[in-house]
Amino acid sequence: MKTASEEIVHTYNHIYGLSLTDILKGKSIPIFESGNHGTVVHDFTYIDDIVKSCLGALDTAEKSTGSCGKKKGAGQFRIFNLWNTSPVPVLDLVIILEKLLKVKVKRHVMKSPRNGDVPFTHVNISLVQRELSLGINHRWICKGS
């Protein structure tokens with residue numbers, strides 16, 4: 001999962017040319033709009049929720065199907081959506097970064113490229129809530145952070 005996450009960040013940086021160091025250096029960053037000048041909104045994730053969910057998945061996994069290198073049956077396979085379930089406009093995220101980094105972000109608003117992200121994400125986490133009984137943390141998205 002770590003490698004996949006790093007690849008996603010690398011790909012995002014490659015497509016959009018955005019990094020935190022650019023913000024700190026005062027470079028303008030692209031702020032993408034969806035079609036018809038719409039706001040791009042995403043369901044972001046707090047890292048502690050990812051860690052909590054991974055540990056919860058391990059704690060609730062079924063017993064191993066083998067021992068001493070001998071497999072007796074198929075292992076359990078579960079896929080969970082891990083998000084905070086509160087979509088946030090990307091511009092709000094920029095405002096939060098400005099407050100936390102104590103810097104004014106130079107914005108370059110542009111239309112989202114065709115190979116870019118979807119304009120809106122909102123994830124159903126009912127399976128993770130039912131099977132792992134975990135609370136989702138929204139601390140990071142508070143405007144007063």
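- Note: I23 CD1 to I29 CD1 = 4.0 Å, rounded to the nearest 0.5 Å.
- In terms of heavy atoms, D43 sits closest to T121 at N-OG1, 2.9 Å.
- When all heavy atoms of G26 and K106 are compared, the closest pair comes out as O-CD, 3.0 Å.
- Side-chain contact between R130 and L127 is present, with heavy atoms from C-beta onward closer than 4.5 Å.
- The cluster map of Ile, Leu, Val, Met, Phe, Trp and Tyr, joined by side-chain heavy atoms under 4.5 Å apart, puts V103 and L91 in the same cluster.
- Judged purely by atom type and a 3.5 angstrom limit, S112 has no side-chain atom pairing as donor or acceptor with the backbone of S34.
- Follow the hydrophobic side-chain contacts under 4.5 Å out from V88 and you never reach V41; the two are in separate clusters.
- When the salt bridge (charged side-chain N to carboxylate O under 4.0 Å, His left out) test is applied to E131, the partners found at least two apart in sequence or on another chain are R78.
- The shortest heavy-atom contact between E98 and V105 is OE2-N, 2.9 Å.
- With sequence neighbours excluded, no residue forms a salt bridge (charged side-chain N to carboxylate O under 4.0 Å, His left out) with K63.
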Self-check item: Intermediate values then yes/no, side-chain contact (heavy atoms from CB on, under 4.5 Å), C54 and L58
Solution: CA-CA 6 Å; C54 288; L58 289 171; 5.7 Å; no

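- How far OG1 of T60 is from CG of L55: 10.5 Å, rounded to the nearest 0.5 Å.
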Quiz item: Stepwise, does the side-chain contact (heavy atoms from CB on, under 4.5 Å) test hold for F32 with K111?
Solution: CA-CA 5 Å; F32 295 99; K111 187 175 178 180; over 6 Å; no

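- Under the 4.5 Å side-chain heavy-atom criterion for Ile, Leu, Val, Met, Phe, Trp and Tyr, L97 and L24 are members of the same hydrophobic cluster.
- Residues meeting the side chain to side chain donor-acceptor pair (under 3.5 Å) test with N81, sequence neighbours left out: none.
- Cluster membership for I95 and L93, using ILVMFWY side-chain heavy atoms within less than 4.5 angstrom, is not shared.
- To the nearest 0.5 Å, atom NZ of residue K52 and atom CG of residue D59 are 13.0 Å apart.
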